[in-house]
Protein chains: 2
Amino acid sequence: MATAPTTSSASLRADSARVRERMLAAARERVAAGDLELPMNAIAKDAGVGVGTMYRHFPTRRTLLETLAGESFEMLVAQAKAATDGAEGLTDLFRLALQRLLTDPSLAAVLASPTFECAETVALSQELSGAFMQLLDKAKKAGTIRPDVTGDDLRRLMCGLQYAVRSGNDDNKAAERYLDILMKGLRP
Amino acid sequence: MATAPTTSSASLRADSARVRERMLAAARERVAAGDLELPMNAIAKDAGVGVGTMYRHFPTRRTLLETLAGESFEMLVAQAKAATDGAEGLTDLFRLALQRLLTDPSLAAVLASPTFECAETVALSQELSGAFMQLLDKAKKAGTIRPDVTGDDLRRLMCGLQYAVRSGNDDNKAAERYLDILMKGLRP
DNA sequence: ACCTGAACACCGTTCAAGT
DNA sequence: ACCTGAACACCGTTCAAGT
């Protein structure tokens, strides 16, 4: 690169960030190719770093997975916050979420687990949960959703919906139908 | 053992069957302990056989998995065939299936894939599919199920239901509620 | 026929040595 | 501070050698 380092620590930090990005890019490439196994050794090799560097940045595979899913998760949270009220708003949100879960397997894997490892993921999950609860609250008052459904139920049902769609070999053609079944089932 | 072999080939076959059972027992022990990874080397060691023997009996891990799930699958098929007509019969069947899927992760894994490796599993899946279609047919005629649902949809929705239940940490307390949501969603 | 287990490649994880 | 990569343990899979 043409830029000279200003101080050695800044240079270190910049280098560290660059190295981190290389690892994430290598990992993302694998996920995009449909491989969710995330072998640390192989990714390190792809990224041109030592294995130890992988472990320094991502102490567990789960940490790496949550980091990979972070961006998708943020977009999902943004969509949940922007969702319009009413049963239709919830349906639209679920459709968007389903699309995202189907395109990003790392997000699907992260969202399906009840606990998270990274503080950032915990925060995102709480934001999502909050958005869900607001929507639920209004929908329940409007009488469009059965009253025994919780915010966490919505997360789990979304994951189940995604799994049902994925369990077929019809190129996700069933998605809209299953979404419809779920939303009808959620009515009071 | 005290029994003497009658012919050498019979003895071989009997030994082969015994060895096979030992491997399956070792594998089952792991699944029961919550480990679905099925490492061939380790299972062979547990069973006291050479690795090659594992591969001779179960050419792929998937073959081993389907064999493990076989018994549960058979029981599920039997229940599906014995199910009573009407929406309530279908609900009861789904409840039983859900219980089975939650107790036997190998069955859950096998049923979630659209294609099977063992001929025996293919046969079981067709039997299940047949039973589902019969139930669906009657339910549709009675007007208790929406007409756009297929037998394969039932398989996939069952898998999704199981996944949604598993995605929480409430000891499957949500099972009955999610079942209710699904069955309501299936109404016309 | 069927079984054994050595052999090789690969991945997980740690940690002493480098800059 | 951060990175490297050797080292060891373990698993996947094959195949020549045994009975």
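Per chain, numbering begins at 1; letters A, B, ... match sequence-line order.
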Next on the checklist: Against L107(B), only a single residue in E71(B), E66(B), R100(B), M75(B) fulfils side-chain contact (heavy atoms from CB on, under 4.5 Å); can you say which?
Outcome noted: R100(B)

Between [options], which one does the side chain of [X] approach most closely?
{"X": "V51(A)", "options": "dC3(C), dG5(D), dC11(D)", "value": "dG5(D)"}
{"X": "V49(A)", "options": "dT4(D), dC11(C), dG12(D)", "value": "dT4(D)"}
{"X": "T53(A)", "options": "dT13(D), dG12(C), dC3(D)", "value": "dC3(D)"}
{"X": "Y55(B)", "options": "dC3(D), dT14(D), dG12(C)", "value": "dT14(D)"}

Could you tell me whether the phosphate oxygens of [N], OP1 or OP2, come under 4.0 Å of any side-chain nitrogen or oxygen in [X]?
{"X": "S16(A)", "N": "dC3(D)", "value": "yes"}
{"X": "H57(A)", "N": "dC2(D)", "value": "no"}
{"X": "R61(A)", "N": "dT13(C)", "value": "yes"}

Checklist entry - How would you label the contact of R56(B) with the nucleic acid (heavy atoms, under 4.0 Å): base, sugar-phosphate, or nothing? => result base

Checklist entry - Which heavy atom in M40(A) sits nearest to a heavy atom in F58(A), and how many Å separate them? => result CE-O, 3.3 Å

Checklist entry - Which atom pair, heavy atoms only, marks the closest approach of R155(B) to L111(B)? => result NH1-O, 2.7 Å

Item to check | Min side-chain heavy-atom separation E37(B)-R30(B) under 4.5 Å | outcome: no

Checklist entry - Which residue lies toward the 5' end of DNA chain C, G52(A) or M40(A), if each is placed at its nearest nucleotide? => result M40(A)

